[in-house]
2 protein chains.
Amino acid sequence: MEAAIVKEPETDHPCSENACAAGVSGIRDAVYVLNGKWKLPLIFTLTEGPKRFKDIQRSLGDITPKILSKELKELELNEFVVRTVYSTTPVTVIYELTPYSKSLKQVLHELRDWGINHRQRIVNSRKTKQ
Amino acid sequence: MEAAIVKEPETDHPCSENACAAGVSGIRDAVYVLNGKWKLPLIFTLTEGPKRFKDIQRSLGDITPKILSKELKELELNEFVVRTVYSTTPVTVIYELTPYSKSLKQVLHELRDWGINHRQRIVNSRKTKQ
DNA sequence: GATACCGGTATCCTTTGGGATAGTAATATC
DNA sequence: GATATTACTATCCCAAAGGATACCGGTATC
């Protein structure tokens with residue numbers, strides 16, 4: 001993982017509709033920072049409040065520590081998450097969302113609802129098929 | 001790509017908060033079907049109306065035909081996209097969104113806005129750093 | 001006859017994502 | 001003294017994602 005936080009701006013693709021390119025690259029930019037299997041679930045679970053490493057691991061179900069560690073570092077780099085160490089014994093490490101990542105609230109909300117609904121749709125369609 | 005359209009339901013992780021697990025797996029389910037670099041941009045570009053293979057390729061900027069073909073097939077399987085062949089000479093192939101995929105409208109809308117905003121934020125922060 | 005367009009395939013390759021497993025120091029608990 | 005917990009890191013490995021390049025048949029255009 002390099003220090004690069006955003007990829008370079010898209011080469012402007014010639015596009016007949018003006019709004020088109022802007023819309024597509026908006027989506028692409030979002031997908032670029034929120035890529036992978038874990039970032040959105042991870043951010044979502046932190047919307048419930050600050051959590052410790054192990055707690056996050058439990059919330060997410062089956063993420064390995066290596067992956068979780070990597071994801072958290074990327075989210076720190078991109079200023080979604082802040083990591084704080086408390087000198088208790090043993091040390092306590094707290095991860096919490098930055099104010100900026102609150103801007104993802106609507107996205108997460110919509111995505112969660114859609115996901116829940118989508119699963120239900122599949123379950124129903126399986127039932128009617130039998 | 002097998003016929004599997006959804007992964008099996010999450011093993012229920014024991015989770016103190018009730019809403020927690022549901023929220024996280026909602027997100028995970030959504031991410032599971034919308035994974036990768038291209039699916040969301042692809043669906044988004046089709047919200048502008050039905051398009052031909054080459055047109056989609058142009059809208060997306062730099063996707064190779066192999067990848068585009070694969071993504072379209074997956075979206076067909078998951079009932080987001082319908083492919084129609086017209087017997088013109090040469091044949092015309094039209095891809096368009098299903099009514100179901102219209103349910104992604106809010107998600108796409110939020111994500112696009114967020115992405116546009118996020119890029120602007122980065123650009124600004126680069127300026128102030130110089 | 002050469003070139004270009006359309007809707008893809010085929011082949012090859014590199015990168016990454018992500019999982020499995022083990023181990024670490026420091027402390028607390030039985 | 002053995003075991004558990006926390007917050008990780010290290011090592012190894014595999015599969016999937018995705019890109020580069022070339023090519024195909026059919027048609028239209030120059």
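Every chain is numbered from 1 and lettered A, B, ... according to where its sequence line falls, protein lines coming before strand lines. Only heavy atoms go into these numbers, but all of them, side chains included; no hydrogens, no water, no symmetry mates.
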Measure from [atom1] on [X] to [atom2] on [N] and round the result to the nearest Å.
X	N	atom1	atom2	value
B/D62	D/dG19	CG	P	7 Å
A/I63	D/dA7	CD1	P	15 Å
A/I67	C/dT16	CD1	P	14 Å
A/K51	D/dT6	NZ	C1'	17 Å
A/L60	C/dG19	CG	P	11 Å
A/Q57	C/dG19	CD	C1'	13 Å
B/L68	C/dG7	CG	P	11 Å
B/D55	C/dG7	CG	C1'	12 Å

Cluster overlap A/V81 with A/Y100, hydrophobic side-chain contacts below 4.5 Å = yes
Out of [options], whichever nucleotide has its closest atom nearest the side chain of [X]:
X	options	answer
A/F53	D/dA7, C/dC6, C/dA20	D/dA7
A/K70	C/dG18, D/dG19, D/dA17	C/dG18
A/E71	C/dG18, C/dG7, D/dA7	C/dG18
A/K73	C/dT9, C/dG19, D/dT9	D/dT9
B/S69	C/dG8, D/dA7, C/dA22	C/dG8
A/R58	D/dT6, C/dG18, D/dA7	D/dT6
B/R83	C/dT11, C/dT9, C/dG7	C/dG7

Any luck finding a side-chain donor-acceptor pair between B/Y32 and A/H118 under 3.5 Å?
-> no
Salt bridge A/D29-B/R121, side-chain N to carboxylate O under 4.0 Å | no
May I ask you to decide whether A/E110 forms a salt bridge with A/K105, counting only side-chain N to carboxylate O separations under 4.0 Å?
-> no
At under 4.0 Å, does any side-chain N or O of [X] touch on OP1 or OP2 of [N]?
X	N	result
A/K66	C/dG23	no
B/K54	C/dG8	no
B/Y95	C/dG8	yes
B/W38	D/dG19	yes
B/R52	C/dG7	yes

Residue among A/L72, A/L46, A/L104 satisfying side-chain contact (heavy atoms from CB on, under 4.5 Å) with A/F80 | A/L104
Pairwise side-chain contact, B/D55 with B/R52, heavy-atom cut-off 4.5 Å (strictly under) | yes
5′-ward residue of the pair B/P90/B/K37 relative to DNA chain D | B/K37
